[in-house]
Amino acid sequence: MLKKNYIKEKLSNKKPVIGTWSIIPSTIVVDILSNSGLDFIILDREHGPLTFETAQEMIIACESNSVSPIIRVGDIIKADIQNALDIGSHGIQIPNVENTDDVKKIIKFSKFPPNGDRGFSPFTRAGGYSIENAKNLMNKANNNTLNIINIESIKAFENIENFCKFKEVDIFFIGLFDLSKSLNIPGQIEDKQIINIVKEIVKIADKYNKHVGTISNSIEKINYYKDIGLRYLVHLVDCEMLRDSYSKIVKSINK
């Protein structure tokens, strides 16, 4: 990617960034969201019905409002990672990363040589659609795009320090619900075990100048996570925010 990565710059200055999850495959919806002052929007291809064609249009809408578009791909699949980056996403977010072999594959598929082995074409949105950018694209893209990996199990947590040793990994996103499942306390995301793991991940990540994030469901939770050192802050999901807003109105009228 040749363009400016808005959240990479903020995170490099240790500033927290706030974003949301986008499940709805709509350019109009993401344009509305990106007019709210958010720093980034995660376009979800793991659970959302999103095509790469629509994702590219949504990325354009994000960038028009100086918001960083991130794509969550469904798995460590070379074609999906390459397509997500070729259409201009500022980073990729990968679910269920558990070991260093997973991390090595992500780096191989997401970075150009010498860091990885990503397929190379300047005739993409990320390459400015022009051969004129061929000489600069690989180096700029390697430095400019973010690799975000999801920590969603005890096994992944136990490997955090090993993950931190890869310079191509930028952010750890803690999947609280999956982590609670891994601890046999499903749904108890405020349990002391969970909070202690979150704090330990932040402590280890800070040693290696990495960033940590998770999802919140309230302003109080956002501020709490920020206060304990998380910087990649994700608030809820577009479909839930939309449904909940109208549901409250209906319940109020029907009382």
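Keep in mind that the numbers below use all heavy atoms, side chains included, and drop hydrogens, waters and symmetry copies.
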Verdict with supporting geometry, E98 and N159, side-chain contact (heavy atoms from CB on, under 4.5 Å): CA-CA 7 Å; E98 292 209 318; N159 275 313; 5.8 Å; no

[X] with [Y]: basic N within carboxylate O range, under 4.0 Å:
{"X": "K155", "Y": "E158", "result": "no"}
{"X": "K181", "Y": "D178", "result": "yes"}
{"X": "D86", "Y": "R125", "result": "no"}
{"X": "K248", "Y": "D244", "result": "yes"}

R231 charged N/C atom sitting above Y225 aromatic ring, 6.0 Å / 45°: no

Geometric cation-pi criterion, K226 with Y224: 6.0 Å, 45°: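 The answer is no; the distance or angle limit is not met.
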
Among L43, I7, I171, which one satisfies side chain to side chain contact (heavy atoms under 4.5 Å, CB included) with I70? I7

Report yes if the side chains of [X] and [Y] come closer than 4.5 Å at any heavy-atom pair, otherwise no.
{"X": "C164", "Y": "K207", "answer": "no"}
{"X": "I41", "Y": "S34", "answer": "yes"}
{"X": "N147", "Y": "K111", "answer": "yes"}
{"X": "I219", "Y": "N223", "answer": "yes"}

Side chains of [X] and [Y]: is there a donor and an acceptor less than 3.5 Å apart?
{"X": "N96", "Y": "N150", "answer": "no"}
{"X": "K10", "Y": "N5", "answer": "no"}
{"X": "T124", "Y": "S121", "answer": "no"}
{"X": "E152", "Y": "S182", "answer": "no"}
{"X": "H235", "Y": "T20", "answer": "no"}
{"X": "Q93", "Y": "Y232", "answer": "yes"}

Measure from the side-chain N and O atoms of [X] to the backbone N and O of [Y], and report whether any donor-acceptor pair falls under 3.5 Å.
{"X": "N35", "Y": "D31", "value": "yes"}
{"X": "N65", "Y": "V67", "value": "no"}
{"X": "T214", "Y": "I174", "value": "yes"}
{"X": "D238", "Y": "I24", "value": "yes"}
{"X": "N142", "Y": "F112", "value": "yes"}
{"X": "T54", "Y": "T51", "value": "no"}
{"X": "K78", "Y": "F109", "value": "no"}

To the nearest 0.5 Å, tell me how far [X] [atom1] sits from [Y] [atom2].
{"X": "D80", "Y": "L85", "atom1": "CG", "atom2": "CG", "answer": "11.0 Å"}
{"X": "I106", "Y": "T100", "atom1": "CD1", "atom2": "OG1", "answer": "11.0 Å"}
{"X": "Q56", "Y": "S89", "atom1": "CD", "atom2": "OG", "answer": "10.5 Å"}

Please tell me whether [X] and [Y] are part of a single hydrophobic cluster in this structure, the criterion being side-chain heavy atoms less than 4.5 Å apart.
{"X": "I32", "Y": "M58", "result": "no"}
{"X": "V202", "Y": "I215", "result": "no"}
{"X": "I59", "Y": "V17", "result": "no"}
{"X": "I154", "Y": "F172", "result": "yes"}

Should we say atom [atom1] of [X] is surrounded by more than 12 heavy atoms from elsewhere, each under 6.0 Å from it?
{"X": "I249", "atom1": "CD1", "answer": "yes"}
{"X": "K221", "atom1": "NZ", "answer": "yes"}
{"X": "E200", "atom1": "CD", "answer": "yes"}
{"X": "E161", "atom1": "CD", "answer": "yes"}

Determine whether the aromatic ring centres of residues H90 and Y6 are separated by less than 6.0 angstrom.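 Yes, the ring of Y6 comes within the 6.0 Å limit of the ring of H90, centre to centre.
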
